[in-house]
Structures are given as C-alpha cells and as structure tokens.
Amino acid sequence: MQTVKMVVTGPFSAGKTEFIRSVSEIDVVSTERKISSASERTMKEATTVAMDFGRITVDEDLVLYLFGTPGQRRFDFMWEILSEGMLGFIVMVDSTRPETFREARSILATFHAYAPTPYVVAANKQDMKEAWDIDDMRHVLRLDSNIKLLSCIAHDRASVKAILLELLYSILSNMENGEK
Amino acid sequence: MALRGNLRDFTITQLLNLINLAHKTGALIVEGPNQTARVAFRDGKLAYAQVDHEDSSLAAVLHKAKKLNSGQYRSIQQRAAHIPDKELGLLLINAGYLSQDEILVNLQQHYTEIVQRLFTWVEGFFHFDIDSLPPDERICVRMDLENLIIQGSRQMREWEQLQDEIPSLDMSLKFADRPGANLHNVNLSVEEWRVVSYINPRNTIRQIASATKLNDLEIRRIVYGLLQAGLIEITRLESVATQAPNVRVFPTEDKEEQKSLINRLINRIRSL
C-alpha cells in the first residue's frame, strides 16, 4: 500500500478540522481538547492540540492522508514534523477574521520554509456576509498573483474538493515545469 | 514573600507595575543571560539604574550625552575620579558648565534607557532587595514609573507581534529572488547593513544576532523590516536541510509514475 499526504494548516479556528472532516472517509482522528484560555474559548469550545487526520482511499494501492495542524502557536513544534514528506499544503484562512491574516501569512512563510512544495490558500467562510473580498485578502496576505487564493466553505464537500483539486493541479504543473 | 522569580513568568513591565502600586523602596536586581542590572526605587519611583560593567558615573553619562567633550571627560577621570557625583555636579553647576536641570534630565534619560533595555530581556532571574540602596556617591532621581510602564507594554506588544512574524531565530535568511530587488538602491541603517552582510542560508538569525551584537528584539525588528521591504526571505538552515533525513514525498522515484499517482488522486477527488 502506497501512502501520500497533504497538510492543512492555518491559524486557530480557521476551519482546518472541518475541512478534513468534509472529505475524509473515516471519522477524523482528532485530538481536540477543551480550550483553557478564556479568549480562545470565545471562538470555539475545543481545539486541535496535536494534529488530526483524515483519509481518502484512492484505490487498493494508494491512500491519501490529510493532516491538520494545531492552530495555536504553542503547538508549533508539531509543524515541522507534519510537513515532512508532504505533497503540498493548504493554508486555511478565516475570511471573517482579519485579525488572523497576519498570522496566516506567518504560518504560510514558515511552512514554505520547511518544505518548498506547492500550496494553495483557502479563504474559508466565504458564505458569511462579513467575509472579506478575495481580492482584498490577496492584498493583505501579500500573495503574488501566481499563488492560488481560493474561495472556500469548509463544511461544503464540493468546495473542499475544489480546493484539493486545485492543489493537485498545482503539484502536477510543478512536476511538468520541473521537467522542462 | 520575597519578590523573586524568572522573567519568563513575570515581565519587567509587571514588576514595575507592582513596584509602582506598592510604593516599594529597594533595588530590583535582574540577572540576564549576559549582564546583571540593578535598578533602585524609592517609594515606587525610579531612583537609579546601572548595568554591570557599564560606567553609570555622572561624568560618563554626561560624556555619552555629549555634554562633556572627551578632553573634559578624561580630565575629570584623571583628577576628580574620587569625587562623589553630587560634588562633581555642584562643581559643574558652579563653574557654569551645566544647570541642575540639565544634569538631572541626562541622568533620568540614562536610567530610563537602562530600564528600556530591560524590556528586551526575556530570560533571566530577578529579585527585589529592600535593603539595597543606590551607592552613596551617585545622584538619585525621582521618576514616576507610569510612562515607563506604558512604554514597556507597547514594547511587549511589539515583541509579541515580532515573535508571531519571526517565530524562530533558528531559521536562516536568503535574499529574495524578486526581480528588481536591489539592495544598493535601498536606504539601510548601519545596523541593517551589518545584518545584511551576514545573510546567507548557512547562518541562522541567532548567529547573525550574535555576530552583530543585537538582542532578540533588535534582530527581529531588523529582519522584520527587511522582510517587509521584500529584500529577504526566511528559509531553512542549509546545513540542517542537507543533514535532514531524506523524507520521501512520493512512494516512487519514477517521474512518470509520480505523475500517474497525481492523476489517480485527481480522478479520485473528482469522484467524491
């Protein structure tokens, strides 16, 4: 059995676990714990403290694992471990929380430094009325026009599929360009 | 209970706040990684500050502030080194060199700078000694701590933001590949140029800080500025990258098989 992996990262409460849950064929193996910090608890009740992962079986020989990283900085020692051997990564950003954009940028830079593999940025919660416009987010996140910043709704399977496919297209294109 | 502990648990700003609110008298001794600072307070107000191995005498402070030229400073050191600062201050005032206000303002500035420097210390032990008073020969001031506490809080916020931007000093730096990024057309300070001269994927940010004698806050500030300007990028340390185990992304080395694998993944995701 061959296995490959992708990593879903992003700031605290960006929707990483939900994203994986939307496409995983198994219940996401999550290590969520009750949040101790009062300020963080205002966002949600539990958070990913180590990592979670979902699985998509491609065929009898190949399995894709999706690893979600813990969003809080105090668990960032896990990031490098999780980034090892990944095909590519997805940076989730909550479009309704501009206060997390700077951190998203920093996480993106850190992951890119760990492994210069293809990545896409998913602007989550685009269905919410307070969501930032994609073009404005690209500007604030300082993403070059060649980096894919995609609209996303993490609880919508079609939306998550589209993000995964865009990342796979980028990986394929990267491989083909590398051969030229 | 004795006021002692570790800067990781209790920040300088929190300590100043406590000293201010409790109107404490005594000296706060902070043992940092490389230096020890002694800051004295009287009734919750800043009285005196000194970092070991640094001359906090009145003559040295006035020389540093360019109120005494090198000749005058040397002359005082040779002929009046034994004179207490209070007496030296009176001599300077009576001789019409400086006013009392000028002397006090310069001392306040010097002590303030020492406390501001302490805000950048994140490692170290502290204790508050109620029996320790400033040396008799030194001039004490009486400065409210509120402004320093506000400054410290601002610096803490800046520190936290910089830590978010540059989470680890064990990463290295490289020049951005951006076309048109030309360092020679950018105005950099002397410190920034010194940092730039060490930029190389083989040097960690921590090593650059050590070589340029910058503390954690200062190096983060400079690196952040250079990153913002798009001149440099954070990268993984080259030697570490080459030493790291060769983790395989694909289960096969064959390029065609790799492409086939990606296409299988694409087809599977489409069918979900």
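Sequence lines set the chain letters: A, B, ... in the order given, protein chains first and strands last, and positions in each chain run from 1. Scope of the values below: all heavy atoms of this structure, side chains included, with no hydrogens, waters or symmetry mates.
- Taking 4.5 Å as the heavy-atom cut-off, the residues of residues 264-272 of chain B that approach chain A are B/Arg264, B/Leu265, B/Ile266, B/Arg268, B/Ile269, B/Arg270, B/Leu272, ordered by number.
- When every heavy atom of A/Ser106 is checked against every heavy atom of B/Glu165, the shortest pair comes out as OG-O, 4.0 Å.
- Rounding to the nearest 0.5 angstrom, the gap separating the CD atom in B/Gln161 from the CZ atom in A/Arg102 is 4.5 Å.
- Proximity of B/Gln258 to A/Met175: side-chain heavy atoms (C-beta onward) are separated by under 4.5 Å at one or more points.
- A/Glu130 CD: more than 12 foreign heavy atoms inside a 6.0 Å radius.
- Rounding to the nearest 0.5 angstrom, the gap separating the CZ atom in B/Phe250 from the CD1 atom in A/Ile171 is 6.5 Å.
- Counting non-hydrogen atoms of neighbouring residues, nucleotides and ligands closer than 6.0 angstrom, the CG atom of B/Asn147 reaches no more than 12 such neighbours.
- Per-residue counts of heavy-atom pairs under 4.5 Å with chain B were compared for A/Ile56, A/Asp59, A/Val23; the largest is that of A/Asp59.
- Nearest heavy-atom pair across B/Val249 and A/Val4 is O-CG1, 3.9 Å.
- Proximity to chain B at a heavy-atom threshold of 4.5 Å picks out A/Arg157, A/Lys161, A/Leu164 from residues 152-164 of chain A, in numerical order.
- When A/Thr57, A/Thr117, A/Asp61 are compared by the number of non-hydrogen pairs under 4.5 Å with chain B, A/Thr57 comes out ahead.
- Residues A/Val58 and B/Leu261 have side chains not in contact (no heavy-atom distance under 4.5 Å, counting atoms from C-beta outward).
- A distance of 10.5 Å separates OH of A/Tyr114 from CD1 of B/Ile234, quoted to the nearest 0.5 Å.
- The 12-atom threshold is exceeded at CZ of B/Arg221, counting heavy atoms of other residues, nucleotides or ligands nearer than 6.0 Å.
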| task | For side chain to side chain contact (heavy atoms under 4.5 Å, CB included), just list the numbers for B/Lys259 and A/Glu176, CA-CA rounded to whole Å, side-chain angles, deciding distance to a tenth of an Å, and then say yes or no. | result | CA-CA 9 Å; B/Lys259 272 200 269 184; A/Glu176 282 164 356; 4.1 Å; yes

